Each structure stands twice: as structure tokens, then as C-alpha cells.
Chemist: 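Can you keep this structure in mind? I'll have questions shortly.
Protein chains get the first letters and strands the later ones, always in sequence-line order, with residue 1 at the start of each. Predicted model, so just to flag it, every value in this text is computed and none were measured.
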There are 2 protein chains.
Amino acid sequence: MKVEEKGARSEGNQLLARIPADLADPLFAHLEPVDLPQGLVIEQPGEVIEHVYFPTGGVISVVAMTPDGDAQIEAGLIGREGMSGSMVALGTDRSPHQTTVQIGGTGHRMAAARLREMMREEVLRKRLLRYCHALSVQTAHTALANAKLKLDARLARWLLMCHDRLGCDEVPLTHDFLSIMLGVRRAGVTVSLHILEGQGLVRATRGLIRINDRAGLERMAGGCYGVPEAEYARLLAA
Amino acid sequence: MKVEEKGARSEGNQLLARIPADLADPLFAHLEPVDLPQGLVIEQPGEVIEHVYFPTGGVISVVAMTPDGDAQIEAGLIGREGMSGSMVALGTDRSPHQTTVQIGGTGHRMAAARLREMMREEVLRKRLLRYCHALSVQTAHTALANAKLKLDARLARWLLMCHDRLGCDEVPLTHDFLSIMLGVRRAGVTVSLHILEGQGLVRATRGLIRINDRAGLERMAGGCYGVPEAEYARLLAA
DNA sequence: TTCTCTGTGTGCGAGTTCGCACGGAACAAT
DNA sequence: ATTGTTCCGTGCGAACTCGCACACAGAGAA
């Protein structure tokens, strides 16, 4: 019974996996399973972060925005490989970003204060800080992609990142949502999706995109996909 | 004598300032003053980082690139408010980014191994980790600017960030250099600079840009400047 | 069934940046 | 003074995205 529990809880989130048993027990004692419905706002800019979330499914996204909110863009994508609230691990209790659930799923959460306590454990601290690095590499390459890639390629990259985190070929998202994440027009997403479809890389139906050809998408993303993923694998792979 | 030394060394770099005396002494024992000539490559993608640098003048920039190097963009700007090699503080000895000296200056450096030891000190660790957070906020807003701003505004933002770090109204850079950082054509930079000049915000001569009107530049940058700076001030201001 | 809302497909003019290419101007070295 | 190099100004067609606007379709509610 105990073993099953443990297997289940540690398989879900890859950051929490590979934690030695003696540390895992107190750690999981502070974790609370939660549902992560699409649209849930996890962090608001400037507001104190009460909980950090370790998804086991679905996708969370960190959105950078101007203070007035009239410009916004996705700066980080988080799934079962990571956690929300990485800035808590870095020693602050808030950030200027907004964090929301992009694709509904499940996960565990922990009070930010508990996490701060648990960070005294070197094993956990090392692991979470390395994740912070991996996340910032991801953000840097998003900046690169935003500056240098055409919409098709950015879309391909985004779908790949989502695909990694979902572990499933079906991404339940509307063009509208994608346009906000990529910071472009909704119509532009429609057209770019047609291009991907035309090459047989994906298949889009109402509110759902099915990934058909990962390798093709990677080619389309032209070198801007892969670096953050490799960095994560190097530092945190199971 | 001792006092002067200490004053000089702690004033130069803002991250190293405000360190309690008992910690500062061992810390500074491991620091070595260095010259930072323009063009110096501080970190190469994938190569082990031997030293971290704490500038006291000049500007260092972190460049994200594709593995083949055919697309690159500045993902982070570092001056006397920060340090290079933040990933060492996060527990890894390399990164996929390239780090070079943008504008020549001076600074101190420390062996990465020494920094890892010194990070056991909570005061220093806290401070450096907070800086990592501030830097990642900067990167996120670079991603935002790259996606949503026109070239004029991005240029304005970049000049502001440089101005902050130089503490001097003269930025010694060529259009060519700027074009690489911003990931655009050199000719585009020329045109955008004319726009800024036309509004009396800057004055450009051969290889040198003089900042005339900060407030005007901030207006031009349209809300994408300021958030990372405020976050730094909140967490690390002297 | 019918209505209504959300999601998707499409078209068109305008603005921005690109890629390329060339002329001129300032500076350094000889 | 001349030469070579770097840096800056400019022009033009192509490509991409924008902003707006409208039509259609699937899904759920009445």
C-alpha cells in the first residue's frame, strides 16, 4: 500500500521524483493534491505567492506583462517536469508575472512557507535551483524565438514544448489561446496552423490540435527548440 | 587604509555591497581585480565556467543562441548591479549561452569553485539567488519586448538598460553591435536611431550614443522598461 | 428544433522589418 | 597625403504581420 502510494506520488512530477526516501516522506507530508482547471490563476503580479504547484498533468504558463497589462507574452511553460513559483526557491515571495493554468490537469501544491523550510535540505535545494536555471534557459530561448523566428516556427516550437509536457498527442487549445501566448493575431495562428497541417505535421480540429510528426515540427522550429530541453535533461533527467 | 580599500571594493559592484563585514573579508580575499576589455568572451556555450565576474564598470551581455549559432539574441544585460555566471549560483558549471563584454570596463572575478564554497553563507546565498530572480525577470521582459515592441522602442529600452549600468550618458557602441544584440539589421538600427534623434532623445555620433532625455526614452519604450528594474530595486537595492 | 455562443476560415490594405546593395565619411596606420 | 578599414546613411522590392471585418460551422441551451 505504502509502496503504491509512493510510486504514484513520485511518478507524477519529475522534480519530486528521484528524491531520497528519507527526504521524500516529510516533503510529501506537506504536499496537497489539487486539481488544476484550465484558466485558474495561480499567481498575480505583485501579489504574495501562497502556494507553489507541482503539476502531474496539464500545462501552466508564466506570462510576462507590462504594468498596465496591455502587452503580454508567455515567458515560461511548466508541466510535470517542473513547478510554479520558482521565485520562492530564489528567495522572494512575489514576482511581476502572472501564472495561469493553460491546459487543465492535476498536481500537488505546497505552502510557500513550507517550501522555504524544506529548501534547507541540500538535496532538494540543489534540485530546485537547477530547475530555476533550466527555466531561465527556456525563457532566454523564448526571447530568441520571439525575435528571430516566423510565426510558423514559433508555433511549432510551442507545440513541441506542450507535447513534451503532456505526454499525449492531443493538445486541447483554441487558436485564440495560442494567439495570446505567442503575442500575435488569432487569424495569424489559423494561417500558421494550416501551414503545419499542409505539411502533415499536425491535424487541427475545433479546440484540439493533434501532433502527428514531432521530427517535422522540430525541423520547422529551426534550432530554437531543443536547447532548454537538453539543459533540463542534463541537470534533472530521471 | 583598510577602510579606504574596503570602501572602494564594496562601492564598485552593487551585489557585493551591503555584505556584512565579517563575511566581506573572506569574500574579498577570493576576488581578483580584472580588466574587462570590449569583446572579451567570458563564457562559451557548453564550456565549464572557471570564473564569475562582478563588473564595476562596463556592460556584459548574455547571448542565447541556437546550437549552430546562426540565430542569436541578447537575453541578459549585466553591469555593476550584477554578476556573470549566475548559473554557478544555481548549481551548474556551464550553460548553453555565450557571455561577452559589450562595453569595456573593470571588475572583480572569483573562481567558480570559490563561489560555490562561499554560497554556504546564507547572507551571500540569499543575495545572489535574489539576483538570479531579478535577472530572469529581465530576460522575461526581453522576450516580451522582442515579441511586442517595434524596433524604436526596443532600442530605447536597450539604451535605458545600458544607461542604468554605465552611470554615464555616453554609450560607446556601433550600430553593428546594437543590431546583433537586438537581432535586427544594422540598417534598421540606423533608421531607428534617427527616429530617437529626431525627438531629441539621443544624439549619435560615430561609435557613440549620448543619452539626452531618459524620460523620453522611457516613454518610447512603452511600459516594457522598468519592471525588471523595479524588481531589482525591491530585492537588492543598496 | 431553433437559437446563440464560441471557435474557425478568409480577405484586404497598411505598416514594419528584411535582405541586399552601394555611396560617403571618419579614423588609423603608413 | 594616401590607403585601408570601419562605420554610417540611404534606397528598393519582398516578406511578414497587423488590424479590421465578415462568413461559416459545430456545440450546447432553450
Chemist: Using side-chain heavy atoms (C-beta onward) and a distance below 4.5 Å, is B/V88 in contact with B/M83?
Modeler: no
Chemist: Measure CG/B/L178 against P/C/dT17 and give the value in whole Å, please.
Modeler: 15 Å
Chemist: What does the B/S/- profile of nucleotides 8-15 of chain D look like, 5' to 3', with a 4.0 Å heavy-atom cutoff to protein?
Modeler: BBBB----
Chemist: Under the side-chain contact (heavy atoms from CB on, under 4.5 Å) test, which residues partner A/Q44, sequence neighbours left out?
Modeler: A/V41, A/E47, A/Q98
Chemist: Charged N to carboxylate O under 4.0 angstrom, A/R214 versus A/D164?
Modeler: yes
Chemist: Whole-Å distance between D/dT17 P and B/L151 CG?
Modeler: 16 Å
Chemist: Regarding B/H133 and B/E231, is there a side-chain donor-to-acceptor distance under 3.5 Å anywhere?
Modeler: yes
Chemist: Check the distance between D/dC18's C1' and A/R154's CZ and give it to me in whole angstrom.
Modeler: 13 Å
Chemist: What pair of heavy atoms forms the shortest contact from A/P172 to A/L208, and how long is it?
Modeler: CA-CD1, 3.8 Å
